[in-house]
Undergrad: 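Following this message is one structure expressed as structure tokens.
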2 protein chains.
Amino acid sequence: MNLRDLRYLLAVAEHGHFGRAAEACGISQPTLSVQVRKLEDLLGLPLFERTTRGVVPTAACERLLGHVRAAVTEADAILSVARGLRDPLAGRFRLGIIPTLAPYLLPLVFAPLRAALPALEIEPWEDQTSALLDRLRAHELDAALLATETDGPDLASRALFTEPFLAALPPEHPLAAREVVAEAELSRDILLLADGHCLRDQALAACGLGGALGGTLRAASLSTLLNMVAAGYGTTLVPGLAAGAAQDAGIVLRPLAARAGRTVRLAWRGSFPRRPALDAVAEVIATRLRGFAEGAAAGVV
Amino acid sequence: MNLRDLRYLLAVAEHGHFGRAAEACGISQPTLSVQVRKLEDLLGLPLFERTTRGVVPTAACERLLGHVRAAVTEADAILSVARGLRDPLAGRFRLGIIPTLAPYLLPLVFAPLRAALPALEIEPWEDQTSALLDRLRAHELDAALLATETDGPDLASRALFTEPFLAALPPEHPLAAREVVAEAELSRDILLLADGHCLRDQALAACGLGGALGGTLRAASLSTLLNMVAAGYGTTLVPGLAAGAAQDAGIVLRPLAARAGRTVRLAWRGSFPRRPALDAVAEVIATRLRGFAEGAAAGVV
DNA sequence: CGGCGCGATAGATGTGATCTATCGTGGCAG
DNA sequence: CTGCCACGATAGATCACATCTATCGCGCCG
């Protein structure tokens with residue numbers, strides 16, 4: 001059974017006249033006659049009583065018309081709803097963000113994203129890199145903001161901006177007197193995040209530390225870590241976007257000699273079909289953060 | 001858009017795998033790929049995200065699936081309901097009957113019709129011949145029981161049985177003493193039905209009367225007419241099936257010399273599609289009334 | 001690094017929807 | 001009452017398209 005034939009049936013029932021119904025359907029009268037006849041054969045019952053003056057729906061046809069209208073209406077609804085869903089820059093967009101980025105990046109880009117992509121309903125999801133990648137591969141996220149390269153050929157990514165790391169020091173710390181701090185100098189009393197945070201590994205690498213050094217503290221969040229530093233328990237590396245929060249906590253920030261930093265990327269499944277949404281989101285964020293690296297590396301905030 | 005393609009869509013969404021979905025649909029995998037692709041082109045949005053491990057419905061697809069299922073369900077409902085309506089010996093059957101036949105024939109044939117055609121819901125409609133023919137032509141009746149030939153090539157009919165007319169006499173009437181009454185002898189004091197009743201014209205014809213003779217009485221119903229005869233106001237012709245009612249009213253019945261009578265026919269539109277129902281109804285009535293004419297003509301009841 | 005599984009693509013094929021032309025018939029008007 | 005008109009059915013040609021088999025491209029996994 002074909003939706004087209006059902007539309008023909010409705011037209012004939014409505015007009016009571018094969019010729020006019022055919023015209024309404026944009027087909028010839030013989031075609032309509034044949035198709036209606038086939039539908040009658042398929043259903044196993046006569047749908048119309050033919051006379052020379054026109055046609056009248058049979059009682060059986062009347063009983064079927066409700067379902068026929070319902071089917072055609074649903075089909076039209078599919079087209080209609082699809083038209084509304086067609087815009088790739090509209091609809092839900094589930095965006096993963098790592099915890100060391102979310103609290104500092106989201107406030108910056110939320111307004112520009114809303115302005116540039118008003119129909120895109122961005123749903124942020126905060127988690128560590130590996131969890132975000134799992135969710136991305138499980139189609140539970142549409143994209144993710146990461147500070148690492150992506151592995152595997154199923155994922156693609158695009159660099160959005162680079163943020164420099166800064167030395168975070170208690171005000172009374174000896175290094176706080178310097179204009180610039182060398183990365184390796186921090187390694188003596190550096191405090192780190194818990195396992196799983198990419199920032200932990202990046203900080204270790206920047207300072208030339210390989211193993212499980214850096215004390216026993218495993219801060220669950222960057223916010224906690226900053227409070228520990230402010231309280232004088234040690235030093236750390238903070239990403240540039242968190243500079244404001246660090247200063248608010250009473251921490252002294254200094255640029256790093258080797259200008260260590262990290263590049264924030266938008267990652268997605270290569271097969272994700274709403275490519276325009278990816279490009280648009282990436283573009284908005286990159287534009288908002290353009291020139292951020294220089295400013296942050298130079299003088300803090 | 002095609003219902004077939006919608007079923008394909010549902011299969012792919014359900015299996016998450018083109019190969020297995022194709023198998024479930026009884027088609028090859030390439031065919032399924034092509035058709036789903038066409039549907040995506042038609043709707044203007046991607047429905048599945050393809051990977052090497054299988055496919056996952058997009059968010060837009062999920063939003064559409066409800067309507068798709070509804071459309072397919074309605075289409076199945078059409079087939080299902082049609083299957084139930086397929087039996088031509090089931091459903092409403094609107095049967096017109098002339099007033100001089102209905103009260104006497106219906107009680108005889110109702111039980112046999114119910115027994116032979118239990119699924120046929122017969123709706124009797126009592127009116128005069130011309131009104132029945134109008135309703136028949138207007139598709140407001142499916143068939144009609146008449147005592148006349150049908151005119152026009154759009155109508156067809158079949159004779160069911162013949163009922164003889166009987167002379168209806170008050171007990172004290174001179175003719176009541178006879179064994180047999182000649183039709184013409186009734187013309188002196190014959191009472192007739194109102195215009196429009198075919199029995200009126202047939203009685204006039206049987207008695208050899210052409211014009212508007214037979215007194216000024218125009219009885220609205222045969223029942224009234226019989227009561228008038230019983231009260232001694234005159235004579236009349238009654239159709240055989242009404243013999244019992246006439247005798248109950250205290251009327252004397254006598255066979256007619258020329259054996260005048262009328263043939264009861266089932267009439268229908270030639271284009272009426274439920275031919276088997278017509279044949280079945282006609283057959284039941286004809287069988288029930290088989291041999292009736294002889295008995296009635298011979299000795300009354 | 002080679003085989004395997006999955007979806008996409010290409011080209012051939014057959015069904016079926018559609019068209020134009022024509023027929024048969026009942027209704028209607030001169 | 002008879003010829004014309006309107007309407008649906010039918011026939012045959014044509015073209016679109018659904019479907020098939022064969023094959024490709026590509027991740028994945030041992």
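Atom set for the values below is all heavy atoms of this structure, side chains included, hydrogens, waters and symmetry mates excluded. Each chain gets a letter, A, B and so on, in the order the sequences are listed, and its residues count up from 1.
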Undergrad: Is there a side-chain contact between B:Arg7 and B:Cys25 (heavy atoms, below 4.5 Å)?
TA: no
Undergrad: Nearest-Å distance, CD (A:Glu23) to C1' (C:dC19)?
TA: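 Nearest whole value for this atom pair: 16 Å.
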Undergrad: I'd like to know if B:Arg94 and B:Glu140 make a salt bridge, using a cut-off of under 4.0 Å between side-chain N and carboxylate O.
TA: no
Undergrad: Strictly below 4.0 Å, N to O, side chains only: are A:Arg37 and A:Glu40 in salt-bridge contact?
TA: yes
Undergrad: CZ/A:Arg269 to CG/A:Leu133 distance, rounded to the nearest 0.5 angstrom?
TA: 12.0 Å
Undergrad: Nearest 0.5 angstrom please: B:Leu117 CG to B:Ile122 CD1, how far?
TA: 6.5 Å
Undergrad: Using atom CZ of B:Arg269 as one end and atom C1' of C:dG26 as the other, report the distance to the nearest whole Å.
TA: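 Taking atom C1' of C:dG26 as the reference, CZ of B:Arg269 is at 15 Å.
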Undergrad: List, with names and distances, any nitrogen or oxygen atoms from the protein found under 3.5 Å away from nitrogen or oxygen atoms belonging to nucleotides 1-4 of chain C.
TA:
none

Undergrad: Give me the atom names and distance for the closest heavy-atom approach of A:Ala282 to A:Leu266.
TA: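 Where A:Ala282 meets A:Leu266 most closely, the heavy atoms are CB-CD2, 3.9 Å.
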Undergrad: Does B:Arg50 have more than 12 heavy atoms from other residues, nucleotides or ligands lying within 6.0 Å of its CZ?
TA: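 More than 12 heavy atoms, drawn from other residues, nucleotides or ligands, come within 6.0 Å of this atom.
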Undergrad: Can you list, by residue number, the residues of residues 9-21 of chain B that have a non-hydrogen atom closer than 4.0 angstrom to DNA chain C?
TA: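 The stretch gives B:His17, B:Phe18, B:Gly19 as the residues lying under 4.0 Å from the strand, ordered by number.
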Undergrad: Please tell me if the side chains of B:Leu155 and B:Trp268 come closer than 4.5 Å, counting only heavy atoms from C-beta onward.
TA: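 In short, these two side chains do not touch, never coming nearer than 4.5 Å.
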Undergrad: Excluding sequence neighbours, so at least two apart, what forms side-chain contact (heavy atoms from CB on, under 4.5 Å) with A:Asp195?
TA: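 Expected list: A:Arg200, A:Arg218.
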Undergrad: Taking only heavy atoms on the protein side, list every residue of residues 28-45 of chain B lying under 4.0 Å from any atom of DNA chain C, sorted numerically.
TA: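 DNA chain C contact set from residues 28-45 of chain B: B:Gln29, B:Pro30, B:Ser33, B:Arg37.
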Undergrad: Using a strict threshold of under 4.0 Å (side-chain N to carboxylate O), is an ion pair present between A:Glu283 and A:Arg158?
TA: yes
Undergrad: Report yes if at least one side-chain N or O of B:Arg50 is closer than 4.0 Å to OP1 or OP2 of C:dC6; otherwise report no.
TA: no
Undergrad: When all nucleic acid strands are considered with a 4.0 Å heavy-atom cut-off, which category describes B:Tyr8: base, sugar-phosphate, or nothing?
TA: sugar-phosphate
Undergrad: Does some side-chain heavy atom of B:Ile27 sit less than 4.5 Å from a side-chain heavy atom of B:Tyr8?
TA: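 Yes, side chains in contact.
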Undergrad: Does the distance from a Lys or Arg side-chain N to an Asp or Glu carboxylate O, for A:Asp154 and B:Arg53, drop under 4.0 Å?
TA: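 A salt bridge is absent here (no side-chain N lies under 4.0 Å from a carboxylate O).
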Undergrad: Show the nearest heavy-atom pair for residues B:Ala75 and A:Met1, with the distance to one decimal.
TA: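 Smallest heavy-atom distance, with atoms named: O-CE, 3.2 Å.
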Undergrad: Tell me, please, the opening and closing nucleotides of DNA chain D, 5' to 3', among those with an atom under 4.0 angstrom from a non-hydrogen atom of chain B.
TA: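 Range of nucleotides touched by chain B: D:dA18 to D:dC29.
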Undergrad: With the criterion being N/O to N/O and under 3.5 Å, what pairs connect the protein with nucleotides 27-30 of chain C, and how long is each?
TA:
{"from": "C:dG27", "atom 1": "O3'", "to": "A:Arg53", "atom 2": "NH1", "distance (Å)": "3.0"}
{"from": "C:dC28", "atom 1": "OP1", "to": "A:Arg53", "atom 2": "NH1", "distance (Å)": "3.1"}

Undergrad: Any side-chain heavy atom of A:Leu120 within less than 4.5 Å of one from A:Leu113?
TA: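 A:Leu120 vs A:Leu113: side chains apart.
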Undergrad: Which distance, rounded to the nearest 0.5 Å, do you find between the CG of B:Leu132 and the CG of B:Leu145?
TA: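 One finds 9.0 Å between CG of B:Leu132 and CG of B:Leu145.
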